[in-house]
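Because the structure is a prediction, the values reported are computed rather than measured. For reference, positions follow the sequence shown, starting with 1.
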Amino acid sequence: SDLRTTITPQPDSPGLALPSWDTAQLAAGTRTYRIHTKNLKSARVRVKLLSSEDALRTLRAYAAVKPAGQDDRRGKPKAEELAAEGSLPWSLVPGKTILDRTWTFEGRLDVSCPIVLNWSELLGGPKTPGVLFVSTDGEPLASAVDSEDDGKRRLAQALVQLTDIGLSWKLNTAEPLLYAFSLESGE
């Protein structure tokens with residue numbers, strides 16, 4: 001008997017991912033930020049530089065859109081959970097826009113197309129600190145759309161802090177001890 005079977009591979013669902021919904025990077029470090037894309041026709045990346053006051057307001061608003069039931073003790077929500085639950089409208093986030101660019105891709109299926117942001121280029125200096133709001137959205141490739149959900153635009157957002165400040169703390173029943181120091185010099 002003939003035991004042949006025809007297998008037709010299906011493309012992966014379109015994807016857009018950031019390293020974390022909130023993260024800190026050493027201001028004197030590699031100063032790059034990698035955005036992962038897959039099966040997208042295009043991806044728009046926008047970045048705002050926030051003042052310290054704007055950063056606090058944005059962090060509070062951003063924490064309010066995280067999925068219900070998540071709290072600091074249970075861990076951070078994943079970027080895709082935030083996008084599914086809600087996001088911050090770009091126009092409501094204060095700050096100065098330092099990047100608004102759309103990348104287009106070749107349309108190859110199941111091929112990762114990373115976007116790498118260089119903070120030194122965007123901020124104008126090799127050790128410039130800052131708090132940044134990153135918002136990305138992507139248009140799925142038509143050939144990768146297998147369901148209604150696959151056809152939806154992808155969205156990912158993150159807060160990124162470039163800093164030289166390190167914190168160490170100890171909590172006890174009498175009082176907290178907080179020590180702030182330079183990560184570059186140790187002082």
Side-chain angles (χ1 to χ4, degrees), residues 15-38 40 42-103 112-139 152-169 178-184:
L16 176 65
L18 303 178
S20 174
W21 76 280
D22 68 341
T23 189
Q25 292 183 348
L26 180 60
T30 61
R31 300 183 59 83
T32 59
Y33 190 75
R34 192 174 181 94
I35 300 167
H36 299 276
T37 71
K38 179 183 60 173
L40 295 179
S42 64
R44 182 180 185 190
V45 179
R46 296 181 288 181
V47 179
K48 281 189 179 179
L49 177 62
L50 308 177
S51 69
S52 55
E53 294 82 17
D54 292 342
L56 182 59
R57 284 189 213 107
T58 302
L59 182 59
R60 284 185 180 157
Y62 197 53
V65 300
K66 71 182 181 179
Q70 293 279 346
D71 62 30
D72 293 339
R73 288 182 220 141
R74 294 182 57 205
K76 299 175 188 174
K78 296 177 182 171
E80 59 268 16
E81 292 173 330
L82 284 172
E85 185 75 17
S87 60
L88 291 181
W90 177 258
S91 61
L92 296 182
V93 176
K96 177 185 174 190
T97 300
I98 60 172
L99 177 70
D100 187 347
R101 180 176 166 198
T102 301
W103 277 259
S112 177
C113 298
I115 298 170
V116 180
L117 303 181
N118 183 310
W119 297 134
S120 294
E121 290 174 8
L122 291 173
L123 295 173
K127 292 185 180 180
T128 307
V131 178
L132 305 141
F133 179 71
V134 179
S135 184
T136 63
D137 66 278
E139 181 181 350
K152 293 180 182 176
R153 289 187 72 82
R154 299 302 194 258
L155 172 70
Q157 296 180 328
L159 282 172
V160 179
Q161 181 181 6
L162 293 170
T163 184
D164 176 42
I165 300 171
L167 295 175
S168 178
W169 62 89
L178 176 67
Y179 180 66
F181 57 93
S182 165
L183 291 168
E184 191 170 7

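Residues Leu122 and Leu132 fail the side-chain proximity criterion, which asks for heavy atoms closer than 4.5 Å. Annotation: side chain of Arg31 is in contact with side chain of Leu123 (closest heavy-atom distance under 4.5 Å). In this structure, the side chains of Gln161 and Gln25 stay at 4.5 Å or more apart for every pair of heavy atoms. Contact annotation: the side chain of Trp90 approaches that of Thr97 to within less than 4.5 Å [non-hydrogen atoms, C-beta and beyond]. Using a 4.5 Å heavy-atom cutoff, the side chains of Val131 and Thr58 are not in contact. By the 4.5 Å heavy-atom criterion applied to side chains, Thr128 and Trp119 are not counted as neighbours.
Remark: Leu59 CG to Asp54 CG distance equals 12.5 Å, nearest 0.5 Å. Taken from CD1 in Ile165 to CZ in Phe181, the straight-line distance is 10.5 Å, to the nearest 0.5 Å. Rounding to the nearest 0.5 angstrom, the gap separating the CD atom in Glu121 from the OG1 atom in Thr32 is 10.5 Å. Between atom OG of residue Ser42 and atom CG of residue Asp137 there is a gap of 8.0 Å, rounded to the nearest 0.5 Å. Rounded to the nearest 0.5 Å, atoms CZ (Arg44) and CG (Asp100) are 4.0 Å apart. Taken from CG in Leu16 to CD in Glu139, the straight-line distance is 12.5 Å, to the nearest 0.5 Å.
Within 6.0 Å of the CG atom in Leu99, the count of heavy atoms belonging to other residues, nucleotides or ligands exceeds 12.
A side-chain donor-acceptor contact under 3.5 Å links Asp164 to the backbone of Glu184. Checked by atom type and distance alone, the side chain of Arg57 never pairs as donor or acceptor with a backbone atom of Ala55 at under 3.5 Å. No donor-acceptor distance shorter than 3.5 angstrom exists from the side chain of Ser168 to the backbone of Tyr179, with no hydrogens or angles considered. With hydrogens and angles ignored, the 3.5 Å screen pairs a side-chain donor or acceptor of Gln157 with a backbone N or O of Leu88.
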Thr37 and Thr136: CA distance, side-chain angles, deciding distance, side-chain contact (heavy atoms from CB on, under 4.5 Å) verdict: CA-CA 10 Å; Thr37 71; Thr136 63; over 6 Å; no
Audit row: Ser135, Leu155, side-chain contact (heavy atoms from CB on, under 4.5 Å) steps and yes/no: CA-CA 7 Å; Ser135 184; Leu155 172 70; 4.0 Å; yes
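The two residues Pro114 and Arg34 have their closest heavy-atom pair at CG-NH2, 3.3 Å. Residues Asn118 and Ser120 come closest through the heavy atom pair OD1-N, 2.9 Å.
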